[in-house]
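Below you'll find the structure, written out as C-alpha cells, and then a few comments.
Any value given below was found using the heavy atoms of this structure, including those in side chains, with hydrogens, waters and symmetry copies removed. Each chain gets a letter, A, B and so on, in the order its sequence line appears, and its residues count up from 1.
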Protein chains: 4
Amino acid sequence: MARMDSEQRKKQILECAKKLFARKGYYQTQISDIQHEAGVARGTIYQYFKNKDDIFKTLLENLHKEMKDVISSKPANLEEDFSSGEKVFRYRIKKAFALFANDPDYCNLLLRVGLGLGDSFDSILGRFDRQMVELIKSYLVSGIKLGRVKPDIDPVLMSNVIGGGFMRMAYFYGVTGKGSKTEEFEQLTENFVNAFAYGIFLEKP
Amino acid sequence: MARMDSEQRKKQILECAKKLFARKGYYQTQISDIQHEAGVARGTIYQYFKNKDDIFKTLLENLHKEMKDVISSKPANLEEDFSSGEKVFRYRIKKAFALFANDPDYCNLLLRVGLGLGDSFDSILGRFDRQMVELIKSYLVSGIKLGRVKPDIDPVLMSNVIGGGFMRMAYFYGVTGKGSKTEEFEQLTENFVNAFAYGIFLEKP
Amino acid sequence: MARMDSEQRKKQILECAKKLFARKGYYQTQISDIQHEAGVARGTIYQYFKNKDDIFKTLLENLHKEMKDVISSKPANLEEDFSSGEKVFRYRIKKAFALFANDPDYCNLLLRVGLGLGDSFDSILGRFDRQMVELIKSYLVSGIKLGRVKPDIDPVLMSNVIGGGFMRMAYFYGVTGKGSKTEEFEQLTENFVNAFAYGIFLEKP
Amino acid sequence: MARMDSEQRKKQILECAKKLFARKGYYQTQISDIQHEAGVARGTIYQYFKNKDDIFKTLLENLHKEMKDVISSKPANLEEDFSSGEKVFRYRIKKAFALFANDPDYCNLLLRVGLGLGDSFDSILGRFDRQMVELIKSYLVSGIKLGRVKPDIDPVLMSNVIGGGFMRMAYFYGVTGKGSKTEEFEQLTENFVNAFAYGIFLEKP
DNA sequence: TATGAATGAGAGTTCATTCAT
DNA sequence: TATGAATGAACTCTCATTCAT
C-alpha cells in the first residue's frame, strides 16, 4: 500500500469500518473485513487504533460530535422575536434529518447497531437518544413557561413520543434512501412538526 | 437435577435466556451463562434447541406471537358504531403498553437487542416495528377514507412518527419501570393519542 | 480423546508443560506445543487453565510447595543433641539434591527458565533462591550463637556463597543426569558440606 | 537526530538495549522500547543490526570478551613463585567481582536473562558459567598436582560449588548495589576465598 | 544514512457445538 | 434423557521486519 498521510489513513479506515459496522453490526464485522474493505494490512489497523472497540468508539464519538453540532446550531440572521424558539426547533429538526438522510450508515449505526450492544457502549453513546429526548423536553418546558405550549401536557411523555417519532422517521427515510433533496427535508420537517403542532401548541403556529 | 416435564424444561431455558439476552445482548450472552442461569448441563440445552440461534429465534417468535395477539385483540362488547375504530386503536395501544411494561426484558429484547444484530435476525423479527408501523398506516388510510382523518396527512410519514413515538415511549416506561398499574396505562394511552389527535383527526374525538 | 478423570487430565497437561517449559523456555513454548505433547485439543487446555501464565504459575507453585516440604523436613528419630542442627542441614541438602536430580525438568525450570523471565513471575517464585539463601543465613546465625560456627564469618556473604554453590552443583548434577542413586547423594552431600566445613565450623564436625 | 559517528551510534543502541534486556528480559523487550530508549527511528536499528537476535548476541559477545580479558588478566610484577597461582586466582576473582558490581545490567544479563532463554543462545553464552567453572576446575587440578590442593577433593564438584558460589555472590552484590569501592572487593574476595580455603588447600595460605 | 508507515505470519484465546458416558 | 469433557474453527491482537521516501 502506498504511503499516505496519517490523518487520511485513519479517516479511510474509519470510513470503511463505519460502512461495515452499519451493515453487519459490531460483532459480525471482523477486523479482517475492515482490512479488506480498506485494502490495508491487518497490522496497519492496529497502528491507528488500539483495538476493535477503539474503532467503534471513535466512530460513535465522531458521529456524536457531528450530531451535537447540528443540534446546537442556529440559523443565521435570526430575529429574536416571539417565534424564534420554534424556528430554531424546526431548523434543527431539518438539519438532523439531513444528517441522517445523507449518511444512511451513520443512521444505522446510531439508531440500530449502537442500541444492540448491551451496556458495553452505553457510556459513549451517552445513549444518544436520551440526550435528544432531554433536549426536546427542555424545549417543551420552556415553551410552557412562555405560554406557547399547552400547560397540561406531560413533558416527559411528550418528549419521548416526539423524539421516538423523529428517530423512527429519520431511520425510515435515512435507510430507505427516500428524499435526499433539500426541498424534501423542508417538507418532511413541516409535516413532522405539524403532526404534533395541534396537540402541543396553544395556537397553531 | 430433578426430572421435569419436557415442555416445562424448555420454557425454563427460554425464560433464562430471555433474561440474559435482554440484559447483555445476543453476543455477550454465552451458552454457559444460560446453562448456569437455568441450572442445567450444557448438553441439555442442545437437547431442546438446535443451537444458540434457535433459542433466540424461538424467543423472538414467541414474543412476536404474543404481541400479535395483543395487536389483533378487540375489547369485548364493542358496538360497531362510528368511533369503534378509534376505540380499538386505543385499546390496542394500551394493551401493547401493558405488555412491554410488564416484561421489561421483552421490551429490551424487541426494542434494542434485536436491532443491533445486523440482518441475521431480520427475517424473524420481520422487523417487528415495520409491522407495527404498517398496521398504523393502514389504520390511518382507512381513517381517511372514513372521513375521520385529515386527508392531507402523509400516512407513511405519520405512521412512522406514531410508531416510533409509541416504541420510544414504551421503551422508556417499560425499562425505567415507571407506571405499571392499569390506571396509568389508561392515562398513558390517553396522553399518547391526544398528542396526535389534533394533528390527525378532523374533529377532536 | 478418551474421557479422563479431571484431576488426572490437569496433571497430564502440567507434566507436558513442565517438560516443554524446562527445555525450551517460557516464551518459546507455544500452547500448540503443549497441545501436541499432551495429545489434547487446544481448547481442552483452556478448560483446565485460565491461560499460558496460569499453567506456568501453577507449575512453579507446585514445585515450590514440593521444595518447601523438602526444605522443612526433618529426619525421624532425631535426638536433640548438640549436632542435631547440622544433621538437619545435611539431611535437607541431601533431600534437595535428590529432588533436583530426580527431576531435571524441575531443576531447569527453577534454576534457569524462571530466572530469565524478567519480573513477571518474581512474586511467585518468591525468588525461590532468595528463600533458600535466607534459610542458610538463619542457620549460620544460629550456629554462631551456639558457638558452632566461626563468629568472624559474614553470614550474608556466606549464605550467598553456599546457596549459589549448592544450586550450581544441583543444576550440574540434575541436568547432566549424573548420580541418581541414593549412595551418591550421600557422597555428594558429604563433599559439599566438607567444602565449607573447615571454613565455617569451629571444629571439624 | 544529529549525525553521529557510526561506531558511536552502534554503541549507543547497544547500551540502551543492554539496559532494557537486563531489566525486562529478552522477550519482554521490544524493538520499539530500544528505539525509544535510544531516541532513534525503528529502521535505524536495522541499519546496524541484522535483527533482534543480533543485538542480543552482540551484547553477549562483547560482555563475554570483557569477562575473558578479566579472567585471563594477571597482576603486573608477579614473581613466579610457588604461591603465584593462588595470587592470580584471587586477582581474577576480585576483578570479576568488580566487573559485575560496576555494571549491574551486565550482571543481570549474564547471570539471569541469558539463562532463561532456553537453548536459543546457549552456543553464544557458550554457557558462560560453564567456562568459568572449567577454569576453576583446571586451577584445582593443577593445584593438586603442585601439592597445594588436597588430593581427595572432587575437582568437578568443587569447581561447580565454587563457581556457583561466586556467581550467586556476584549477583547479590552486583544487583543489590552493595560494595562498589575497591577496598570492599578486596574484602569480599578475601572472605570468599577463605570460605573454601580450609576445605581446599593443604595449608592455609 | 535515517525514517516510520506498512506488513503479515503467528501467537493466545474464545466459545458454540459434539459425543462418549 | 442428562451430562460436561473435549473439540477446533475462527477470532483478535502482537511485533519483528521491510521498504518507499
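For A:Asp54 and F:dC13, the CG to C1' distance is 13 Å, given to the nearest whole Å. Atoms CD (A:Gln35) and C1' (E:dA6) sit 12 Å apart, rounded to a whole Å. Whole-Å rounding puts the D:Gln28 CD to F:dA16 C1' distance at 16 Å. Computed from coordinates, the C:Phe49 CZ to E:dG12 P distance equals 15 Å when rounded to whole Å. Summarising the geometry, the separation between OH on C:Tyr27 and C1' on F:dA16 is reported as 16 Å, rounded to the nearest angstrom. Rounded to an integer number of Å, the gap from A:Glu7 CD to E:dG4 P is 17 Å. Counting to the nearest Å, the P atom of E:dG12 and the NE2 atom of C:His36 are 12 Å from each other. As rounded to whole Å, 16 Å separates atom C1' of F:dT18 from atom NZ of D:Lys50.
Listed for the C:Glu37 side chain is no donor-acceptor partner under 3.5 Å among the backbone atoms of C:Ala17.
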Are any protein N/O atoms closer than 3.5 Å to N/O atoms in nucleotides 8-10 of chain F? If there are, list each pair with its distance.
residue, atom, partner, partner atom, Å
F:dG8, N7, C:Gly43, N, 3.2

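Residue A:Asn51 has its side chain nearest to F:dC13 when only F:dC13, F:dT7, F:dA2 are considered. For D:Arg9, the listed nucleotide lying nearest its side chain is E:dA2; candidates were E:dA2, F:dT18, F:dT14. Between F:dT12, E:dA6, E:dT1, one nucleotide has an atom nearer to the side chain of A:Lys52 than all others, and that is F:dT12. Listed nucleotides F:dA6, E:dT13, E:dA16 differ in distance to B:Ile31; the shortest reach to its side chain belongs to E:dA16.
By the side chain to side chain contact (heavy atoms under 4.5 Å, CB included) test, B:Asp53 pairs with B:Tyr26, B:Asn51, B:Lys57, B:Phe121, sequence neighbours left out. By the side chain to side chain contact (heavy atoms under 4.5 Å, CB included) test, D:Asp103 pairs with D:Lys18, D:Asp105, D:Tyr106, sequence neighbours left out. With sequence neighbours excluded, the residues forming a side chain to side chain contact (heavy atoms under 4.5 Å, CB included) with B:Ser32 are B:Gln30, B:Gln35, B:His36, B:Arg42, listed by chain and number. Residues that satisfy the side chain to side chain contact (heavy atoms under 4.5 Å, CB included) test with A:Lys24, not counting sequence neighbours, are A:Leu20, A:Gln28, A:Thr29, A:Asp33.
Between C:Phe100 and C:Cys107 the shortest heavy-atom distance is CD2-CA, 3.8 Å.
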Are C:Asn108 and C:Phe21 close enough, and set up right, to give a side chain to side chain contact (heavy atoms under 4.5 Å, CB included), and what steps lead you there?
-> CA-CA 9 Å; C:Asn108 250 317; C:Phe21 281 139; over 6 Å; no
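Checking the phosphate oxygens (OP1, OP2) of F:dT14, no side-chain nitrogen or oxygen of A:Tyr46 falls inside 4.0 Å. Between F:dA6 and C:Tyr48, a contact under 4.0 Å exists linking OP1 or OP2 to a side-chain N or O.
Comparing B:Tyr26 and C:Ser32 along DNA chain E, the residue whose closest nucleotide (by nearest heavy atom) sits nearer the 5' end is C:Ser32. Judged by closest nucleotide on DNA chain F, B:Gln47 is the one of B:Gln47 and C:Ile45 placed further toward the 5' end.
Between B:Thr44 atom OG1 and B:Ile13 atom CD1 the span is 7.0 Å, to the nearest 0.5 Å.
Of the candidates C:Arg9, C:Glu15, C:Lys10, C:Arg9 is the only one forming a side chain to side chain donor-acceptor pair (under 3.5 Å) with C:Gln12.
Seen from the ring of A:Tyr48, A:Lys11 does not count as a face-on cation partner, given the 6.0 Å and 45° thresholds.
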Dot-bracket assigned to DNA chain E with the 3.5 Å Watson-Crick/G-U criterion, [ ] for crossing and | for other-strand pairs, is .||||||||||||||||||||
